[in-house]
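Lettering follows sequence order; numbering is per chain, from 1.
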Protein chains: 2
Amino acid sequence: MDITEVAKASGLPASTLRFYEEKGLIQSNGRNGLRRLFSASVIERLALISLGRSAGFSLDEIAEMFTPDGPDINRALLSAKADELDRTIEELIAMRDGLRHAAVCKAPNHFECPKFLRLLRVAGKNRFRQPNKLKEKELK
Amino acid sequence: MDITEVAKASGLPASTLRFYEEKGLIQSNGRNGLRRLFSASVIERLALISLGRSAGFSLDEIAEMFTPDGPDINRALLSAKADELDRTIEELIAMRDGLRHAAVCKAPNHFECPKFLRLLRVAGKNRFRQPNKLKEKELK
DNA sequence: GCTTGACTTCAAGTCGACTTGAGCCTTTAT
DNA sequence: ATAAAGGCTCAAGTCGACTTGAAGTCAAGC
């Protein structure tokens with residue numbers, strides 16, 4: 001497959017594919033003149049990369065997982081991420097409940113509402129970095 | 001309170017407080033010489049900002065919420081974010097289950113495991129940008 | 001009176017994951 | 001034969017939320 005086909009099949013722009021190749025996340029198996037040739041299996045690989053990204057792995061972490069240096073490093077890492085996700089999920093649930101409440105709360109000032117204050121305490125504990133916002137292009 | 005007290009009370013570095021002030025997220029009420037003076041209420045405000053960040057609002061969005069131009073813009077926005085969080089939570093739950101499964105799965109290749117493939121499909125739908133990783137400093 | 005240390009401003013740097021641009025080379029259609 | 005389409009490389013730019021650095025100001029203690 002050439003890069004455009006891979007781009008279409010995966011939904012990723014060609015620039016990203018080149019970038020991933022440079023990072024060692026995918027390989028092209030040869031060239032046709034200048035042009036990269038990919039085997040069809042790269043699609044699954046890309047799906048796996050998407051999956052990893054969605055689960056919160058960085059590209060570097062994903063790259064490591066693809067070159068198994070140790071025996072069970074992957075499994076340990078996977079479990080650890082699952083645990084991490086678990087915590088994140090609980091935080092988000094508290095957050096969601098708080099938002100929903102705040103949206104309908106009658107109290108003139110949220111600080112007078114005990115429910116809200118409880119939420120505030122939860123949130124205070126979990127200050128983690130947030131994703132960048134999506135760009136227009138990525139939204140449609 | 002001076003900036004160091006606020007920093008201690010809020011857990012945020014002074015640089016962040018200056019940055020927030022510049023962005024209009026907080027106000028200092030006067031100076032002692034050059035030095036900013038803050039009223040104690042800034043602490044609650046900062047907690048609210050933290051809360052907003054944790055819930056996925058950008059600083060700009062938070063700033064907007066603090067200057068209510070419309071009547072119920074806040075409530076609508078809060079509800080919308082709650083809905084958004086709800087979707088995110090479901091995705092993360094699928095992701096977590098998938099990771100947990102992958103960590104113990106016996107299949108030599110995950111692509112041969114139906115459970116994993118199902119997860120892969122879910123993940124494929126939700127490619128959203130991920131947070132930057134935390135820095136050392138922020139971890140401890 | 002002079003150092004020290006905490007504050008100040010303003011500009012520039014950082015992080016990760018890409019994207020964009022400039023300038024070149026090839027294949028394909030006219 | 002020539003031009004458009006599309007791939008190539010490499011460097012630089014982008015995004016948001018801060019952080020860092022240089023250079024200056026100021027009050028307090030010796």
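Listed by chain and number, the residues in a salt bridge (Lys or Arg N to Asp or Glu O under 4.0 Å) with B:Glu84 are B:Lys81 (sequence neighbours excluded).
In this structure, CZ in B:Arg36 is found 11.0 Å from CG in B:Asp2, a value given to the nearest 0.5 Å. Considering CD1 of B:Ile26 and CZ of B:Phe19, their distance stands at 11.0 Å, rounded to 0.5 Å. To the nearest 0.5 Å, the span separating CD1 on B:Ile89 from CE on B:Met95 amounts to 13.5 Å.
Contacts between residues 27-34 of chain A and DNA chain C, defined by a heavy-atom separation below 4.0 Å, involve no residue at all. Within residues 13-26 of chain B, the residues approaching DNA chain D are B:Pro13, B:Ser15, B:Thr16, B:Phe19, B:Tyr20, by heavy-atom distance under 4.0 Å.
B:Arg100 and A:Asp83 are joined by a salt bridge, as a carboxylate oxygen and a charged side-chain nitrogen come within less than 4.0 angstrom of each other.
Taking side-chain N and O atoms only, B:Arg53 has a distance below 4.0 Å to OP1 or OP2 of D:dA17. Taking side-chain N and O atoms only, A:Arg36 has no distance below 4.0 Å to OP1 or OP2 of D:dG6.
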*Mind running side chain to side chain contact (heavy atoms under 4.5 Å, CB included) on B:Asp86 and A:Leu92 for me, showing each step along the way?*
CA-CA 8 Å; B:Asp86 237 354; A:Leu92 290 184; over 6 Å; no

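Straight-line distance from the CD1 atom of B:Ile3 to the C1' atom of D:dC26: 16 Å, rounded to whole Å. Regarding A:Leu37, its CG atom lies at a distance of 14 Å from the C1' atom of C:dT27, rounded to whole Å.
Contact record, A:Ile62 with A:Ile49: CD1-O, 3.7 Å, taken as the closest heavy-atom pair.
Listed for the B:Glu61 side chain is a donor-acceptor partner under 3.5 Å among the backbone atoms of B:Ser58.
Where A:Arg35 and B:Phe38 meet DNA chain C, the nucleotide closest to each residue was compared, and B:Phe38 sits on the side nearer the 5' end.
B:Asp2 comes within 4.0 angstrom of sugar-phosphate atoms only, judged by non-hydrogen atoms across all strands, and of no base.
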